[in-house]
Amino acid sequence: MHPAPEILRAGYAELVCTDLERSRWFYVDVLGLIVTEENDEAIYLKGFDEFLHHSLILRRGPVAALAKLAFRVCSPDDVDKAELYFRELGSDVRRLPAGTTRGIGDAVFVHDPLGYPVEYFFDAEHTERMHQQYHRMPSNRLTRLDHFNITVPDVPEGQKYYSDLGFRLSESIEDDEHVYAAWYFRKPTTHDLALTSGDGPRLHHIAFSAAEREQILNTADILGAYESEHLIERGPGRHGVTNAFYLYLRDPDGHRIELYTSDYYTGDPDSPVIRWDVSNPRRRSWWGHDIRASWYEESSLVLDLDGNVVPTRHQVASERAAAIGADGFGIPAGPE
Ligand SMILES: [Fe+2]
């Protein structure tokens, strides 16, 4: 078996948006992301700490969906390794010459065994890192892309796949019969990629980091000022898993975006794995409101390498069903 490419971190995502002007309002005016380039068909965005060309692409299209997840690998050689690795797995693999995606060098684009369109790249155009451009920063500034969370029908299947790719487990939600969710990392934080049980392959969310939770709360205020507070789906709150402070939003197409801060360092080789029982009500929210059904049940469609919607499979085990009682679902409204 060819060795797996050495992956550095979650690199960027590409979302298909049905109304690009409306999406620009959400990602630029509400979230405060920086536009590095744009044209009639696409907008390229990044956070204030980032120096690569983009960490998010919004592309105009007829069906709202995930068009691509991209991982940055550790060297140009790892792009070649990715091609050999995925060809041996029997995946649909395409070599993308430099510039096929604006700002991205030589890359390999794969329809991976879990059904996702994933690109592996190293070379990328640099842009100015704006971390000290305080006079240009909005009150809700975001620093960088943090992670992807994907909805998969069979979490253990996803765990084997990402373990084989060299990702390390930080935390999980499980019981004696099933694993309902798992968090995997390459960079030394709690995750670059999380697996959530649900009908899939689908995208659950993309998360951007803020330096402080005040910046996340300012986004909530800004949504209120635009009379768009209905786009807040969950939070603010504190996660049990990862210990991060969070706010979940839905963009105008329903793509879910998490604003995220203050998880912990995992870079030591013996960093302990934390396993949460699904019956523990503090696993998803250390504190915070009950989780809406939409958060468990809705996620974005996924496209193949030709832009066709990938069919989904029904989930093996539902965390929401397993957590009835723990999360407040299914409990009578009050005493008789
Ligand atoms: Fe997340």
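No hydrogens, no waters, no symmetry mates; every other heavy atom, side chains included, goes into these values. All ligand and atom numbering here is 1-based and tracks the order in the structure.
A side chain to side chain contact (heavy atoms under 4.5 Å, CB included) with Y12 is found for exactly one of E119, E50, R72, namely E119.
Taking the ring axis of W295 as reference, the NZ or CZ atom of R292 does not stay both within 45° of it and closer than 6.0 Å to the ring centre.
Taking 4.5 Å as the limit, some side-chain heavy atom of L69 sits within range of a side-chain heavy atom of I150.
For the residue pair E233/S294, the side-chain donor-acceptor check at 3.5 Å is satisfied.
Using cut-offs of 30° and 60° on the angle between ring planes, the pair Y248 and H239 is perpendicular.
Protein N/O/S atoms found under 2.8 Å from the Fe ion (ligand 1): H147 NE2, H205 NE2, E258 OE1.
No donor-acceptor pair under 3.5 Å is formed between the side chain of S209 and the backbone N or O of T143.
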